[in-house]
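Data block below; observations after.
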Amino acid sequence: MLDRVIYSPRTKIPPRRPWGLIAALLASFLTVTAHASNPAILEGERFHPVQGSQGMVATSHTLASEVALQVLKNGGNAIDAAVTAGFALAVTQPRSGNIGGGGFLLYSPGDGNTPEAIDYRETAPAAATETLFQDNAGNVVNERSRFSHQAAGVPGTVAGLALALELHGTLTLKDALAPAIRLAQDGFAIPQRFTEGLEQARERLQRWPATKATFYKEDGSAPQPGEVFKQPELAATLQRIADRGIEGFYEGETARLIVDEMQRHDGLITLADLKNYQPAIRQPIHGTYRGFDIFSMSPPSSGGTHIVQILNILEGFPIGEMGHNSAATIHSMAEAMKLAYADRSEYLGDTDFVEVPLTGLTSKDYAAELRKTITPDKTRPAEEIKPGQPAAWESPETTHFSVVDRWGNAVSNTYTINFSYGSGITVAGAGFLLNNEMDDFSAKPGEPNAYGLIGGEANKIEPGKRMLSSMSPTIVRKDGRNYLVTGSPGGSRIITTTLQVVMNVIDHNMNIQTAVSAPRIHHQWWPDEIRIEQGISPDTIGLLQSKGHKVTPSNAMGAIQSIMIEGDGTLYGGADPRRSTSSAMGY
Ligand code: DON
């Protein structure tokens, strides 16, 4: 397996720690559970977070949290629990949990050793070309980049999760897959959100017979809340991985089913693409903010770079004194966000293919230059902002989960198939959905992707290249120790959502549940508007408008599943109430 891995830049692999099963026996088995759908419990004037002392899991699905917590209770570590949750979500939450997509896993050991990132982002198939999604006249054809077999990048999830386990886990791949196989085989009672998702996406999904047969009843209706939903083909696909390791996915029967699916519909993925897929071990982006260390995802994600860049700019403002979600704070944040997203459009791409000026983009000096362009009373229109010189469809969904074990090891993982249900295409006979991540490439310079993000040369399509992402699994350290584990779905809003939870904790001293629940804002340069969730006061909106901002109400943004570790070792979980199935569980 390790010979398939790209090390970029090369990192030393820390030795495995001798995790003791004996410790498991000593552990307390008191489980504290909170479901975001329950009424918030108020303590004083704050939301009360879930508490634990031995382990904590926060995911977007109760069943995934349950199986991952059980792994921790049995003596497994954070990687074991995270990989188990990743496979369980592929079964219980098919709109974003996946084996047909990709993502990023950030691991920060509890002993203070350097954090490491596993990049299992999808790659462009060998046959992909720069103009793949343009017609003969050079116009971008979104239907092809989003809803066709050509929209699929070579999936990375199975290789990435297996690599994490191999490097730092104690479970076998078979053990980590067992709960997922059981859930697929025996089925599970579906929550209302599962039904709603399938109903919203019905038209798009039922175009594909294998998707219809996998997720809907014979009469075409969606399974109803409380009904037991089984996925025998997916169970068999997962079993092949359990039996043969990653070759059970990238070669053999599953690979053949993927390639047959491609060949029936003009898709690009070949047996060679699958066999050649390699996850990469990356050095995370590192920055500091008011004395805290920030570790987040490096390219091919833009997330960590711009979280650090925006924090660097904002460090020059007394954000805590200016107040949470005051007009002055939102104005400073929006101006900083615009500058970062302008740089993103120009410079960010897969560092295996393009040079990205990461040192400049994340430097305090560059941030100080950018900060000078922000004035307190007036917004700068987006058209005045250019990249600097550093050295609609149903709601989309990705999913994030965070895990901390009793040794203080932390995992922050975000993975996706891009849209809810990805391309909507199920691999016939294999029971899983394919991603439509190729839309995250820049189909043509200056043309926005589905999230309105503009890209250029650095993010053009090239064979074997990883498409630029915004996914931002993030871990904050305080005095060298893991302190905050966080990350979110939300397309272009992932960066700003994650940023705000970090700021809510550091600048506004919120506990983790309050930090996760608080209303959020977003600006991404273009469109030139501040999007706001419910809960920003009319006075604040008025003040922002008087500074020249266009303020647009938005649906809920992101679903950030977070954990905070206090100095005494107490773990606090914050599940995002923006998803009814979110759940933090600790013990
Ligand atoms: O990698 C990215 O940035 C996107 N494909 C993520 C998509 C996403 O977060 C959708 N949902 N909420």
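Read the numbers this way: they start at 1 and go in the same order the structure lists the ligands and their atoms. Just the heavy atoms: all of them, side chains too, but no hydrogens, waters or symmetry mates, feed the values below.
Test Y421, F133, W208, F419 against F147 for ring pair (Phe, Tyr, Trp, His ring centres under 6.0 Å) and you get one pass: F419.
Annotation: side chain of I560 is in contact with side chain of T498 (closest heavy-atom distance under 4.5 Å).
Closest non-hydrogen pair, V516 versus V501, comes out as CA-CG2, 4.3 Å. Here the closest non-hydrogen pair linking G574 and I512 is N-CG2, 3.9 Å.
Counting heavy atoms of neighbouring residues, nucleotides and ligands inside a 6.0 Å radius, atom CD of Q192 does not exceed 12 of them.
For ligand 1, the protein residues within 4.0 angstrom (heavy atoms only) are R121, P396, E397, T398, N418, E437, D440, Y451, S469, S470, M471, P489, G490, G491, I494.
A salt bridge does not link E130 to K444: none of the charged side-chain nitrogens sits closer than 4.0 Å to a carboxylate oxygen.
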